[in-house]
Structures are given as structure tokens and as C-alpha cells.
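This one's a predicted model, so the numbers in the text were calculated from it and none came from an experiment. In the text below, chain A, chain B and the rest are named by the order of the sequence lines, each starting its count at 1.
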Amino acid sequence: MLTKQQIAQRIAKELKDGYYVNLGIGIPTLVANYVPAGMDVTLQSENGLLGMGPFPTEEEIDADLINAGKQTVTTLPGSVFFDSAISFAMIRSGRVDLTVLGAMEVNDKGDIANWKIPGKMVKGMGGAMDLVASAQNIIVAMQHTNRAGQSKLLKELGLPVTGLECVKKVVTNLCVMDITDRGFELKELAPGVSVKEVQDATLGRLIVQGDIPDISF
Amino acid sequence: MLTKQQIAQRIAKELKDGYYVNLGIGIPTLVANYVPAGMDVTLQSENGLLGMGPFPTEEEIDADLINAGKQTVTTLPGSVFFDSAISFAMIRSGRVDLTVLGAMEVNDKGDIANWKIPGKMVKGMGGAMDLVASAQNIIVAMQHTNRAGQSKLLKELGLPVTGLECVKKVVTNLCVMDITDRGFELKELAPGVSVKEVQDATLGRLIVQGDIPDISF
Amino acid sequence: MNKVVNNAEEAIQGISDGMTLMLGGFGLCGIPENNIRALVNSGVKNLTCISNNAGVDDFGIGLMLQGKQVRKMISSYVGENAEFERQLLSGELEVELLPQGTLAERCRAAGAGIPAFYTPAGYGTEVAEGKEVREFGGKKYIMEEAFQSDFAIVKAWKGDTDGNLIFKATARNFNPLMAMAGKVTIAEVEELVQPGELDPNFIHTPSIFVNRIFQGVDYEKRIEQRTVK
Amino acid sequence: MNKVVNNAEEAIQGISDGMTLMLGGFGLCGIPENNIRALVNSGVKNLTCISNNAGVDDFGIGLMLQGKQVRKMISSYVGENAEFERQLLSGELEVELLPQGTLAERCRAAGAGIPAFYTPAGYGTEVAEGKEVREFGGKKYIMEEAFQSDFAIVKAWKGDTDGNLIFKATARNFNPLMAMAGKVTIAEVEELVQPGELDPNFIHTPSIFVNRIFQGVDYEKRIEQRTVK
């Protein structure tokens, strides 16, 4: 089983030189810690910053400089600020090369739910609906099951949908799966996890073809 | 009969303190020369300048600083540059208080033609169609008749329309007219011009009610 | 041009019960603190507020929620506010949640004289309910309309007395879009300067969009997530 | 990120016959002089050019017209060019004239992932022919779609090697909008600097929109109407 950090670390292997990347709140944020040295990856924060730098020192803290998670951050050489319309212009026009999001549920067609639990939690979608509607390359970072042990990788979503047929890849504590026309396609297993365990924890269509290698970092 | 300068001078009487004004090419441009002293009027040039200043000295000339007529201009304290989308955002959202345009033809419903003579002249509408579609307060500065002596104030336009029911007031070499539901309403006469002369030179519906005063400046 | 008012109390003159307000800011970053305080003190009620977030319990729009001044929030994310959740679940407060980019674009459209546009965000979701769906180039989009609002209230870093504004860092966010969009736009600034002091090449909001401006006082600039190295 | 190319000849690699190009500038102000020279020398033909104007006979896009490289112009004003008029009346050249604000907004929409929007400009005119008319709030609007283009070619004042751009004075005009809108965006700049040299708060075009950048040479910056006091 992967830790949250390892999920992030595995997703970081999908980064390529020159990528513009939007990282959602939670596990996705951790991906920034695993950008390979020397690789030029630019982080977009949808509140209006391209080229997000690390957290500030106490002296550098600036209340006017935060990321989409409302955390204080810094800039880097080449950083640029812009308004919310330009920010989502970047997103909707497909300029962001990779988007990493958390999810409550994903189904085997690539639909995602991550913004609302009716009658229980009303937080809102923030920028997630814009991102999933436009991004060409969306990876979901999530736990395979909820706290009650129920699968979050489904045939049909139970929660209100955020976007349709948009997720391309899912990295969970158990495995890496691509989403294809035939459903979840198992690509890599977390060390010590069996195909059977993934099958038991997945309610959506699951394709297992040939030998499944272990996740390597 | 009014000279072009006098047409501009009369239109300048419509200016009010605090107005943002867009002046078209030709006679409208001359209006800037007659802004009353002490009155705060800001000129918008749709190529991307608010707060247009006078022409530059030879030393001040900057090829990167022109107005919508492609003339070299200057800035004033408080001037601001912006892109073409923001410029027309101002115009379409009705932020420009007064728009002064030239016209080839105007009809008695306030339709205007000023961008094309089929088979003869193809210059284009530039920003005129955006202006006439959005401005609340459009004054046309024009000669009452063409070189052949034919009326340019018509019942129906002969030329392709630029915008429908948008002109509020016309100032010509002969007179000042408001455009109302009933047609051209004669408001002021150029010195030495008779009601009969205006009637003869106007093909659209013309309302003459009561005594018509002379234009004063 | 006389756009300068003395303070927030003067700036909010004319804001009355039942109106629709836009309020700039993302989280607590770049919010019009002075105007919000004045609105709270004014006791104006039954407002519809368009704002990306709803503040926190004891700051920002949260203060207006405490005073039960807000009838409806139009936002993209409201997850930092217990009083908000209480009023929502009890039915005292109405909320319309929209994708963040749609919220931004509907402000911008209002300021650009664009009555409606198409966006892919929200297609196939609750957000699309009751909205026109249309296909362009084989992809589905929904039609969204420009916001109507009575007042837009924004916070800038610097402004001049003509109304030109510049914003700082990520405190820019929704502010320039809302500044374009109000029937009346009120700007509070940290530093009010004379025309000519701001470089005309680097102004974020041209003066023509701003109706009232004043220099704010006592900015708290509260930080929601103080993260350090 | 390696967006820097050596010169215009390298920058225009991949532009081939029949493509659609956006070219920044208003009149001759802020036009991509280096790229236009390179396009003229390349002999590429049958182009559709989206540009507010078509240059003058011996400068700007006029040079491409002389070389009969342009099949179609999409512009708002083309009144400064005798060769243009000759080709148009003889049927060699196709032209689509659009309101200037519509031209700007269709560029901006392309760069914003907005496939279509409504504008009042051109309602009831030839421009509206074949376009959907729709009423919002009692006023008539026409639907306009985002431009599709293969390359956008812009000219900036300063740029950094990441692709961030700033423009000078009214040479900004259509450039930032087109920079957002191309499948591939080429920027030529008067001064190319290192990342960090431009203030992140005052950048007009964020780097993400720019694919290729180089420092231009020999700017003529011809003036159309040299007016002095």
C-alpha cells in the first residue's frame, strides 16, 4: 500500500520537462515535492499565479500572496500574477498540460465526483469543474476505498458529478489504473498488493491484462 | 451655414463635466478643440488609450503611441493604456458617455450608414459598429447634403447600415436635429439658414414645431 | 471627475435592502475590508452577494452572515464557514454554487457588454440544470449569462483619484473583473495617489470603470493558511 | 522550457500554405515586423490572415499582399492599401470585415476556451447575415464564434525567455489577445530578458500562452499619420 506521499511520488513520474501543472488541494499538492531535479515544471495556481514557489520563511510571508489552497507561498523568477478570468482562460483553452485532483468517487468511464455530498457537505466546486471540463490530461490521486472500506472506484457515481469522461489515470494507495473505453485498466500494483485485493476494492469494470508490474518510483 | 469647425464647436456644447467621450475620425476629432476650459472630459481612443492628450512635439513623437485615426498623440496625467478587448468592453458596457461619429447617411429612425459603398469603397467599419450598437448617447456630425446636393438625412438608408436606431442627435452645416419617435426634430438653425432650406435638404420625416432658435456657441 | 469619497460609509451610500453586490477577493485575500465593515454597520439586509467565497466566521463576508444581512450567496467555494453552513442547512440562506472560472467570466462578461457566452465547465452536472446546452466542434458547452449587479465593491493596492487601479500579487483575483461589472463600482485602496503617479502602461483597471474611490484604513489582511518552510 | 528561437526564420517554422494566422497590431503600430519579413521571404501562400488592418502598400501585411500570399483577410478596417483594394475588386482576395470589438473578442474567446458569445455589434447589418440573433433583456445580439487559427504572431516590447510579455503604450492593441489565441504563439520582442527581470505584477501576457520567442532586429516602426502640435 502506498502512503499519501508515495501516491504523490508516483504521480510525479508523469511530469515532463516544460509542463504547466495544476495541483489540487490534498495529496495533489504533495506532487510538487517530487519534481525531479533539473526538470522545468511550472505550477499554476488558479487564484492567479503561474510559477508558484515554495512556502515562505516567516520574514517572507505576504498575506497578498497565496495559492488556491489559501496557503502563503512565494514566487520564482519568471512568475506572473493575473486575474481570475485570465487564469481560467489558461485552463479552459487547454494550456495546462497536467491537472492532478483529488476525488470522492471516480467511475469506469472517467466521470469524477469531488464537490458535494447532498445534505451533508456543501463546500463547492471551486475551480474543479472548469479544470475537469477542459484539461486534456487529468490524473486523480485518491484512496481506493473510503473509511468504511467501500470502493470509491465505481460503475456509476453515487455523488453529484463534477465532470464527465475526463479522468485519464487514477493513482490510489493500491494501484495505478488508466481509464480506457473498457473501464479501469490495471497498470501497476503497489508493493505487496495483489490483483485480487484491487479487484475486491473496485466496483467499476476492471481490466487486468498480462503481468502487472509493481509501482516503481 | 456652419463650417466643420463650427459643427464641432456646437457639438462641444453637449459635453459635461466628467464625461468619457469617443470621437470618430473627421469632424468629430475637432470637438476636442472646443472642450470648455476647466471642464474635465476624458477622451477614449478605441485602439487602447483613455485620456488622450494633444499631438506631440517633434521630440515627443512615439510610433508606439497613436490614436484610432493612426495619428501620433500624447498622454495626460491619469491616462491609461489597455488592449483592444478591454477597450471594447468599455464601449459595449456603456461606459462611454458620449460618442461623436461621422456618417454618410442617417435616417429618421436614427439608423446610420458610414462604413461601405458597395462596389466602390471598402474600408470597413473599424470600431463604429461596436460604438453604435452600445452607446447610449450618439451624436452625428455631418454635412446635410452630399457633393451632388442630395440629402443625407433620409427616410430609408440607401447604403449598408452600420447600426439601427442609435443616433440621438445630428449636427450638420444647416442645423441641429434630435431624432425622436416622429423623425428628425429641428431644434436649432445655423445662422442665416431658413426652415425651408432645411426642409428642402431633408428627405426623412422632419418635425418643425414652434420658433426655431439660431445655433449659439 | 470627483470620484473620491472620504471613507467607506460615504462609499456605500445608495446600497439598500434587496440589492445585488459583487465583492472582490479570493478567500480573505484582496477583500474590501473597509466596505464590508461599513456594510455590517449599515445594517442593510436581504442582499444577494456575488463573491468567490463567503469569508470565515468572524471575518470578511462572514461578518455580514453573522448579521443575517445576506439572503443569497453566489460563490464557487464556501467551505470555511460554520455559520454559513448552519444558515444554509436551516434554509435561512440560499446559495448558488458555480465553477470558479464561470463566476469570473460572468463578471467579466457583465463588464464587457457580453450578455452570454458558452463554457464547458459544468456540462453534465447540476450546474447545467435549466441552462442551454450546445455543441461546438463536437464538444458540449452550456450557456452562461452575464451577472446583473447593483454595486461592485473591490479592493486595490494603489489607485489614483481618477479611479485607475493596480492590484498586488494574488490579491488581484476577482477584483478587476468585478470592477468592470457593477452598475456602480466602489474601490477602496491602500494608497490613493494623484493622476500621473501610476504608470499608464501598468494599470490593471482603467479609471472609466470606477465610480467611487477612497483610501482604506486599518487593513488586517488576515491569513487563512499560514504555511512556512 | 526552451521557447527561445534565434530569429524570425526559425520562429515561423511549420507555417505552411493554406494556414490561418493571427497577426497583432493596429495600423502599423505594434506589428510583428520581423515575422512579416520572414513570411514574405518564405513565400508561403494561400494564407488566411486575421489582423485588424492589412498594412499599407509597402509595409506590414501589405508586403504579403504584394507577394500574393494572402487568400483571405479577416479585418475591421482596410482603408489604407491600394493593392488590397485592387486584389479585392479583382476577386483575387477574399475579405471578411468585422466590427473591431468583435474581432478582439473572437481572439480573446479563442484564448479563453469560450467557443461563442453574444455581442450587439453588427445586429441588423451585413455582419449579422447567417448568424444567430438572440434577445437578452429586450436587446438584440448576434452570436459570434471564437477564431480558429494555426499560429498567432505578436510583437511585444519586452519579454523573458519563459515567454512572459509586456507591451508598450498603444502598441499593445490586439497583441495580448492574439497571443492567447494561437495553437502556436510566436512572440518577437524588442528586448529579451531573463526570467525574474520583469515584475510579476505587471506582465500583460503570461508565459503559458507563448510557445516561441525571440529578440527582433531593425524595427522601423513606421508612422502612418505623423501629427505634431
Side-chain angles (χ1 to χ4, degrees), chain A residues 25 45-49 52 54-75 79 81-92 111 113 115-116 118-134 160-166, chain C residues 26-30 52-54 75-80 84-85 88-89 95 97-105 107-109 119-127 139-142 157 167-178 204-205 219-229:
Chain A
I25 297 168
S45 193
E46 67 268 23
N47 59 316
L49 168 58
M52 182 166 62
F55 294 144
T57 62
E58 277 292 345
E59 295 68 40
E60 287 171 334
I61 282 182
D62 180 352
D64 291 324
L65 178 41
I66 64 171
N67 66 15
K70 281 116 184 169
Q71 299 170 309
T72 45
V73 292
T74 57
T75 58
S79 288
F81 300 114
F82 36 83
D83 66 45
S84 302
I86 293 288
S87 182
F88 285 91
M90 295 174 186
I91 288 168
R92 282 191 310 260
D111 302 346
W115 73 285
K116 185 179 184 181
K120 208 168 153 192
M121 182 212 77
V122 187
K123 289 196 185 300
M125 65 291 282
M129 275 194 190
D130 308 273
L131 282 160
V132 299
S134 305
V161 64
T162 307
L164 299 176
E165 299 180 22
C166 52
Chain C
F26 175 88
L28 303 178
C29 184
N52 190 59
N53 312 84
S75 302
S76 89
Y77 192 81
V78 292
E80 292 103 348
F84 183 96
E85 208 152 8
L88 182 62
L89 295 172
V95 68
L97 290 168
L98 290 171
Q100 192 175 334
T102 298
L103 194 78
E105 195 69 12
C107 293
R108 193 256 173 200
T119 177
Y123 167 69
T125 77
E126 284 180 23
V127 167
K139 183 169 173 172
K140 298 286 212 317
Y141 297 82
I142 61 178
W157 180 27
F167 304 91
K168 190 181 153 207
T170 57
R172 193 182 322 179
N173 55 64
F174 286 83
N175 282 300
L177 310 168
M178 292 179 171
H204 297 126
T205 296
Y219 282 102
E220 181 177 340
K221 292 195 185 185
R222 199 183 291 187
I223 292 172
E224 281 184 78
Q225 304 285 338
R226 175 178 288 266
T227 44
V228 291
K229 252 181 209 150

Which region of [X], side chain (C-beta onward) or backbone (N, CA, C, O), has a non-hydrogen atom less than 4.5 Å from a non-hydrogen atom of chain A, or is it both or neither?
{"X": "Asn53(C)", "answer": "side chain"}
{"X": "Lys139(C)", "answer": "side chain"}
{"X": "Ser75(C)", "answer": "neither"}
{"X": "Leu103(C)", "answer": "neither"}

Applying side-chain contact (heavy atoms from CB on, under 4.5 Å) to Thr72(A) and Gln225(C), what does each step give before you reach the verdict? CA-CA 6 Å; Thr72(A) 45; Gln225(C) 304 285 338; over 6 Å; no

Could you check whether any side-chain heavy atom of Val127(C) comes within less than 4.5 Å of a side-chain heavy atom of Met129(A), counting everything from C-beta outward? yes

Can you check whether Pro56(A) reaches Lys229(C) side chain to side chain, under 4.5 Å on heavy atoms?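 Heavy-atom side-chain distance check fails, nothing below 4.5 Å.
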
Hey, which of [options] has the most heavy atom pairs under 4.5 Å with chain A?
{"options": "Ser76(C), Gly79(C), Ala104(C)", "result": "Ser76(C)"}
{"options": "Leu28(C), Asn175(C), Leu88(C), Asn173(C)", "result": "Asn173(C)"}
{"options": "Thr119(C), Thr102(C), Leu98(C)", "result": "Leu98(C)"}
{"options": "Ala54(C), Gly101(C), Gly124(C)", "result": "Gly101(C)"}

Does any heavy atom of chain C fall under 4.5 Å from the side chain of [X], the backbone, both, or neither of them?
{"X": "Glu60(A)", "value": "side chain"}
{"X": "Ile61(A)", "value": "side chain"}
{"X": "Asn67(A)", "value": "backbone"}

Using every non-hydrogen atom in the two residues, find where [X] and [Y] come nearest and quote the distance to one decimal.
{"X": "Ile66(A)", "Y": "Cys29(C)", "value": "CD1-CB, 3.5 Å"}
{"X": "Val228(C)", "Y": "Phe55(A)", "value": "C-CB, 3.5 Å"}
{"X": "Ile223(C)", "Y": "Ala63(A)", "value": "CG1-CB, 3.7 Å"}
{"X": "Thr125(C)", "Y": "Gly163(A)", "value": "CG2-N, 4.3 Å"}

Taking salt bridge (charged side-chain N to carboxylate O under 4.0 Å, His left out) as the criterion, tell me which of Lys168(C), Arg222(C), Arg172(C) meets it with Asp64(A). Lys168(C)

Nearest 0.5 Å please: distance from the [atom1] atom of [X] over to the [atom2] atom of [Y].
{"X": "Thr162(A)", "Y": "Glu126(C)", "atom1": "OG1", "atom2": "CD", "value": "9.5 Å"}
{"X": "Phe174(C)", "Y": "Asn47(A)", "atom1": "CZ", "atom2": "CG", "value": "9.5 Å"}
{"X": "Leu97(C)", "Y": "Lys123(A)", "atom1": "CG", "atom2": "NZ", "value": "12.0 Å"}
{"X": "Asp83(A)", "Y": "His204(C)", "atom1": "CG", "atom2": "NE2", "value": "9.0 Å"}
{"X": "Phe26(C)", "Y": "Ser87(A)", "atom1": "CZ", "atom2": "OG", "value": "9.0 Å"}
{"X": "Lys70(A)", "Y": "Thr170(C)", "atom1": "NZ", "atom2": "OG1", "value": "11.5 Å"}

Step by step, would you call Leu177(C) with Ser84(A) a side-chain contact (heavy atoms from CB on, under 4.5 Å)? CA-CA 8 Å; Leu177(C) 310 168; Ser84(A) 302; 3.9 Å; yes

Out of Gly48(A), Ala89(A), Gly124(A), Ser134(A), return the one with the most heavy atom pairs under 4.5 angstrom to chain C.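 Max contact count across the listed options: Gly124(A).
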
I'd like to verify something: which residue of Ala113(A), Ala68(A), Ser79(A) has the highest number of heavy-atom pairs under 4.5 Å with chain C?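 Top option by heavy-atom pairs under 4.5 Å: Ala68(A).
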
Take Gln100(C) and Phe88(A) through the side-chain contact (heavy atoms from CB on, under 4.5 Å) test and state the conclusion after the steps. CA-CA 8 Å; Gln100(C) 192 175 334; Phe88(A) 285 91; 3.6 Å; yes

Glu105(C) vs Arg92(A), test: side-chain contact (heavy atoms from CB on, under 4.5 Å). Steps then yes/no. CA-CA 11 Å; Glu105(C) 195 69 12; Arg92(A) 282 191 310 260; 3.4 Å; yes

